[in-house]
There are 2 protein chains.
Amino acid sequence: MNHPAENPAVTRHSERLGELIEERIVTGVYPPGTRLDEQELADTFGVSRTPVREALIQLASVGLIEIKPRRGATVPEVGADRVCEMFEVMAELEAMCGRLAARRITPSEQVALQEAHRACEAARDANTPDIYYQLNEVFHQRIYEASHNGFLVEQTSALHRRLRPYRRLQLRVRNRMNSSFNEHQAIVDAIIKGDSELATALLRAHVTVQGERFADLVATLRDFKAGS
Amino acid sequence: MNHPAENPAVTRHSERLGELIEERIVTGVYPPGTRLDEQELADTFGVSRTPVREALIQLASVGLIEIKPRRGATVPEVGADRVCEMFEVMAELEAMCGRLAARRITPSEQVALQEAHRACEAARDANTPDIYYQLNEVFHQRIYEASHNGFLVEQTSALHRRLRPYRRLQLRVRNRMNSSFNEHQAIVDAIIKGDSELATALLRAHVTVQGERFADLVATLRDFKAGS
DNA sequence: AATCACCGTTGTGTATACAAGATAAGCAAA
DNA sequence: TTTGCTTATCTTGTATACACAACGGTGATT
C-alpha cells in the first residue's frame, strides 16, 4: 500500500511551515510586535526564503500576521479591543452553531455530544484544568459539526483557533472551570431538547462571558501596570 | 487618511495579481473546475511564476481556489449546497451587523446610511438594476461599518465579496429590486429607531431570501437540464 | 487483446541570483 | 548640537534554474 494518507509529509513545506510559525506566534515565542525576518526564519527552519514567504502570505491572509509592502511581516499588536471584537463575533457564530444544532443534530451526534460533555465532567471532578481545556475544545467542536453547515464549521473553527491563546489566559480564573461546565450542561439540554432559541442564547452568553473575562483580565493588567 | 491597505500603489505584484485572478474567477472567465497552470498565468500577466504562486496561495487560504500538493490549483466546483451554507452564515453575520448597528450607529452614520438608501431608491425609480446592485453594496457596507466592530466588518465584507457572483445571478429575478428596496426601507427604520431585535430579524430575512432565491434558481436550472 | 512496467514529458516545489526600495549611518552645513 | 542630505547596507520582491513527483504513452509480456 502506498501511504500518502497516513504520512503527513506533504510535499509542500510552506504548509507545514505555516503551522510551525503559527504555533510559535500563539505560544508567544514570537510575541506581538515581532518582526519576522524571512532569511532568519529560513535559517531557523533550514529551508530557503521561498517557502517561508509562502507560509507568511498564508498566515497574513488569515489575519495572523501583517505584511506591509517592502516592509516585511510582523506579528500584529492585537489590541485588547480587537480581541473583544473577535469574541463578540465568536459568540454569534457559536450561537448560530447551537441554533442549527438544536434543529439538526442526529442521534449519533447527540451521543457524541454527551460523551464529550461527560468527559469534561470527569476532568472537572479530577480538577485538571488543562485536560478540561482540551476536552472543552472537543465539546464545542461537536456542536459546530452538529450544525450540519460545513462552511460554518470551518469559519467557527478558524476563529476558535485564533482566539485560543486568549481563552487560554482564562484557565486560572477563579471557578471558571466549574461554571463553564454548568453552562455546558444547560447547553446540552437545550440542544437535545431541540430548543434552538434557548441554545442560541445560552451559547452566546457562554462565549460572551469569555470575552468579558478577557476584558476584565486586560483591565486588571493595565491597572497593575499603572500602579507599579 | 493613511490607509496603506487600500492604497493601490502596492509594490507587491502578488496582491494585485490575486485580485485580477479573483476577478476572473468570480466573473466566470475561469469557471469552476478550471485548472490554473502557474506558467500559463505567469505568461498571461507578464510576470514570473513566483508572484503567481504567492497570489494562488493567498486565494487558496481564503477558500477561493483549491491547491492540492503536486497537483496544482483548481477553481473548486462549489456545490450549490455549499453556496447555500454560505448564505446561511452570511444571513447571520449581516443580522449581527444590524443588531449592533441599531445600538451603536452614530448620527453621521445615520445620515450616510440614509443617503445610501436614497441612492438605491433613485436607481430603483430609474429601473437600472446594475446601478442598484452597486449601490446596494454600498448600503450594506454602511450597515457593516455602523456595527463599530472592525473584525466583524472584515469578516462580513469578505463573505459578501465571495458571494457576489451568486448574488449577481439574482439581478434578473422578477421584482427582486423592488422588494429588496422595500426590505431596505424597513431595515433602515429599525436601525434608526434603535430596535436591534427587529433589525436583526429583518436583515436575517433579507439575506436568507437571497439564499433561497439562489436555491430556487439552481433547482430551476436542474429541472431545465433534466427536462431537455 | 489486455495489462503492466518503464520511460519521457509536464508541471509543481524549492533554491539561488538579481533588482529595487527602505532603513540607517555618516557627513556636511547652519 | 541639530538638521538635512547622501550613501551604504540590508531586506523585500521577482526572475531564473534546478530537483523531483505525477501523468501519459509506448512497448513488452501473458
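Naming convention: chains lettered A, B, ... in sequence-line order (proteins, then strands); numbering from 1 in each chain.
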Nearest-angstrom distance from the residue atom CG of B:Asp37 to P of D:dC23: 15 Å

A:His13 side-chain N/O to C:dG13 phosphate OP1/OP2 under 4.0 Å: no

Got a list of side-chain donor-acceptor pairs under 3.5 Å for residues 138-146 of chain A, not counting sequence neighbours?
residue, atom, partner, partner atom, Å
A:His140, ND1, A:Glu94, OE1, 2.8
A:His140, NE2, A:Asn136, OD1, 3.3
A:His140, NE2, A:His184, NE2, 3.4
A:His140, NE2, A:His206, NE2, 3.4
A:Gln141, NE2, A:Ser157, OG, 3.2
A:Tyr144, OH, A:Glu94, OE2, 2.7
A:Tyr144, OH, A:His160, ND1, 3.1

Integer-rounded Å distance: D:dA19 C1' and A:Arg12 CZ: 17 Å

Short side-chain N/O contact from A:Ser48 to OP1 or OP2 of C:dA15, under 4.0 Å: yes

Pairing of A:Arg104 and B:Glu88 as salt bridge, 4.0 angstrom limit: yes

Closest listed nucleotide, where the reference is the side chain of B:Arg35 and the choices are C:dT12, C:dT16, D:dT11: C:dT12

Which nucleotide in D:dA22, C:dG21, C:dA15 has an atom nearest any side-chain atom of B:Arg71: D:dA22

d(CZ, A:Phe45; P, C:dG13) in whole Å: 20 Å

A:Tyr30: which of A:Arg24, A:Glu22, A:Glu23 passes side chain to side chain donor-acceptor pair (under 3.5 Å): A:Arg24

d(CD, B:Glu54; P, C:dT12) in whole Å: 15 Å

Euclidean distance, atom CG of residue A:Leu56 to atom C1' of D:dT12 [Å, nearest integer]: 11 Å

Atom pair distance, as rounded to whole Å: CG in B:Leu36 and P in C:dG13: 13 Å

Quiz item: B:Arg49 side-chain donor-acceptor pair to C:dG11 base, under 3.5 Å: no

N/O (side chain, A:Arg53) to phosphate O (OP1/OP2, D:dT12) under 4.0 Å: no

Check: A:Tyr166 and A:Leu217 side chains under 4.5 Å, non-hydrogen atoms: no

Carboxylate-amine/guanidinium proximity below 4.0 Å for B:Arg164 and B:Glu137: yes

Between C1' of D:dT11 and CG of A:Asp43, the distance in whole Å: 13 Å

Separation of C:dG13 C1' from A:Leu17 CG (nearest whole Å): 12 Å

Given DNA chain C, 5'-ward residue of the pair A:Arg70 and B:Gln39, judged by closest heavy atom: B:Gln39

